[in-house]
Amino acid sequence: MDYYEILGVSKDASFDEIKEAYFALRKDLSGPELDLLEMAYRTLANDSKRADYDMGINSHNKTVKIDDGDGFREKLYHTIDLDNPHQEILLRFDDKPNPSIEEEIHSINTYNTLEKEAEDLVDEEELEDDLDFYLTPREISRALALLVRGDGDEYIEGTNVAKPRDRRADETDEEYTAFLEKYYQEHFYIPGTNILKPRDRKANETDEEYNNYLANYYAIIFANKQIQEDDYEEDYDEEEELLEVTDRNRHAKLKKVVRGLLIAGALLLGVLGIKACTANDKESKAPYGSNTTVDEAIDDAGNTMEEDYSDYDDYAEELEHSIVNPEIDDLPELEEVEEDYSINVGDKFNLDESTLLYTASTDQEAKGRVNTNAAALGEYTIDKIVVLDSNNNIVANSSFGEVDLDSYDDSYKKMIHFSRNVTVEDIETGRVERNNEKNLGWVFLENLNANQKIGSVLESGKTK
Amino acid sequence: MNLELGEEITLNNKDKYIVMGVTTYADKRYVFLMNNDNDLVIKIGEEVIENDKVFVKIVKNKKLIKEIIEQVAGEKISD
């Protein structure tokens with residue numbers, strides 16, 4: 001059931017008709033039904049949201065294979081576009097392909113209950129174990145809250161993070177502070193870590209500048225992490241030695257850096273997982289305060305740069321239990337890109353490193369797991385190409401015929417919808433290892449021309 | 001002449017590193033180096049150019065490491 005059906009209007013209904021239908025219906029509804037009606041109204045009453053919604057309506061329900069522990073099962077996902085047209089978020093509903101309104105409401109209720117349970121759970125890891133690769137209940141309600149809240153002054157300045165809710169009447173200062181702490185932790189830190197997310201790309205920043213920033217940022221974070229991991233001597237007075245650079249290879253370039261970062265990231269998450277498990281047993285101070293990244297690093301820091309890695313073997317052994325594919329050689333080799341490459345529906349490609357960073361660096365990242373997945377290397381298939389004008393009106397959609405990207409200049413936004421159909425060994429911090437198939441959403445390719453590469457082409461599908 | 005992001009370098013004909021990051025602090029240029037065999041050993045080194053040769057001085061001063069890290073991590077907070 002789509003939003004038009006909920007409001008009982010036709011697909012080409014005017015704003016006035018939608019408004020009228022909304023006010024007529026809302027008198028008789030309450031609770032989740034009313035929520036759903038409001039969601040429908042807020043989407044359709046806003047031109048740009050409506051355009052996004054119309055665009056996504058064809059792929060409204062998606063079936064995704066999920067390993068739920070007993071093997072792969074097909075699960076139905078319900079997709080909702082957030083206020084940003086480049087966001088798409090997957091919500092898991094019941095297994096039926098076309099849920100009725102009652103079933104959708106049931107799903108929302110289920111997740112509300114789950115969310116409450118989740119808050120009561122002392123061991124949050126247990127929860128994540130169950131719900132990993134779905135959005136957690138909290139993420140879902142956050143997504144819904146975003147939808148319902150609509151746009152306006154609802155975001156923390158300079159971010160795409162929604163402002164936290166106000167203090168409730170029945171809430172003590174302590175409770176509200178705890179809520180805020182948790183809220184900021186969830187939004188500003190890389191999940192499960194005490195590492196701040198890098199900032200978003202600035203408007204006047206080029207891809208290269210932003211990629212450099214990211215490389216620096218992660219390098220520093222990892223250096224920081226390394227400092228925490230190593231033993232050190234408090235006072236290090238030894239004279240620093242000048243080491244000559246005897247050989248240089250400028251062609252190694254970013255490809256290796258990115259790979260390094262991926263590996264480092266994988267290792268880091270593994271380490272954090274282990275640390276988090278052990279930290280729970282101690283009454284240590286909260287790991288996620290503001291400025292923690294720097295301060296804790298430095299407090300624990302030391303001379304990491306010593307050449308003594310006597311504990312390294314133990315450390316590596318420990319990591320092996322939690323990390324899948326720690327060897328760099330196991331990463332897929334990227335192939336060269338053909339120069340005359342153009343994009344077509346049905347093409348298969350590997351994300352290249354620059355796309356990888358670009359994708360992970362747009363404001364998609366802050367909005368959750370779906371986008372985090374976009375940072376993974378892998379094989380993708382282009383499902384759809386859509387071109388939007390500056391008002392976010394769809395001017396071309398490959399679902400309705402061929403799209404010639406050449407005929408749209410930079411004032412148009414070009415988006416590809418791609419799916420990933422590859423089985424990956426995923427990294428579970430701690431103990432679990434399992435295979436998952438993931439499905440990815442929109443990638444926004446603002447600067448993409450028809451002949452620009454998006455990655456290494458594996459196989460070209462249809463021709464133009 | 002300067003070391004660049006992504007470069008693979010060898011120090012004293014022995015240890016290979018990749019330049020993972022470059023930053024300037026107090027008018028000096030620092031590089032973040034990762035072992036080329038990806039064993040997660042990361043060092044911060046000061047780039048020193050003398051007589052047309054490039055040297056790297058590994059930073060071992062805790063306070064300086066703090067300041068360099070703060071500089072970049074701080075950029076995030078102020079933004």
Side-chain angles (χ1 to χ4, degrees), chain A residues 158 196-200 202 212-213 215-227 229 232 234-236 238 240-257 259-261 263-264 267-268 290-291 293-294 297-298 301-306 309 312 316 327-328, chain B residues 1 3-23 30-50 53-79:
Chain A
L196 282 168
K197 288 180 179 171
R199 64 166 167 74
D200 289 341
K202 292 176 185 166
N212 283 346
Y213 161 76
N216 267 325
Y217 184 80
Y218 285 116
I220 285 161
I221 293 301
F222 294 136
N224 175 344
K225 194 63 207 165
Q226 182 66 22
I227 287 166
E229 295 301 326
Y232 61 89
E234 188 69 37
D235 299 309
Y236 196 93
E238 196 178 305
E240 287 160 1
E241 185 189 357
L242 268 190
L243 304 169
E244 186 180 355
V245 178
T246 48
D247 188 24
R248 300 175 64 172
N249 173 11
R250 290 176 198 227
H251 302 296
K253 278 289 171 191
L254 279 177
K255 188 169 178 173
K256 286 193 172 170
V257 173
R259 281 190 173 195
L261 290 175
I263 294 299
L267 291 169
L268 175 67
S290 59
N291 299 327
T293 309
V294 173
I298 301 314
N303 212 320
T304 61
M305 308 314 174
E306 272 209 281
Y309 299 108
Y312 187 74
E327 299 294 331
I328 188 125
Chain B
M1 194 70 190
L3 297 174
E4 289 172 24
L5 185 68
E7 252 191 78
E8 188 180 277
I9 61 171
T10 309
L11 296 181
N12 282 1
N13 287 317
K14 204 169 78 182
D15 302 317
K16 280 193 174 180
Y17 293 93
I18 292 175
V19 180
M20 290 178 68
V22 182
T23 192
Y30 293 92
V31 286
F32 289 79
L33 302 174
M34 186 177 73
N35 261 26
N36 199 15
D37 49 3
N38 290 291
D39 62 0
L40 242 201
V41 178
I42 298 176
K43 304 184 181 196
I44 301 177
E46 180 192 336
E47 183 190 281
V48 179
I49 298 181
E50 282 176 7
K53 280 185 179 172
V54 184
F55 297 88
V56 171
K57 191 195 282 180
I58 301 297
V59 181
K60 298 186 173 179
N61 180 313
K62 202 168 126 183
K63 187 164 164 282
L64 181 57
I65 294 172
K66 167 186 155 75
E67 286 164 359
I68 295 170
I69 289 176
E70 267 184 345
Q71 175 177 274
V72 174
E75 194 179 329
K76 157 71 186 159
I77 295 161
S78 66
D79 272 343

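Hydrogens, waters and symmetry mates play no part in the numbers below; they use all other heavy atoms, side chains included. Lettering of chains follows the sequences in order, A, B, ..., and the numbering in each one begins at 1.
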What part of B:Val54 gets within 4.5 angstrom of chain A, counting heavy atoms only: side chain, backbone, both, or neither?
both
The single option from B:Ile49, B:Leu11, B:Asn12 passing side chain to side chain contact (heavy atoms under 4.5 Å, CB included) against A:Val245
B:Leu11
Sort B:Glu47 into side chain, backbone, both or neither according to what part of it lies under 4.5 angstrom from a heavy atom of chain A.
neither
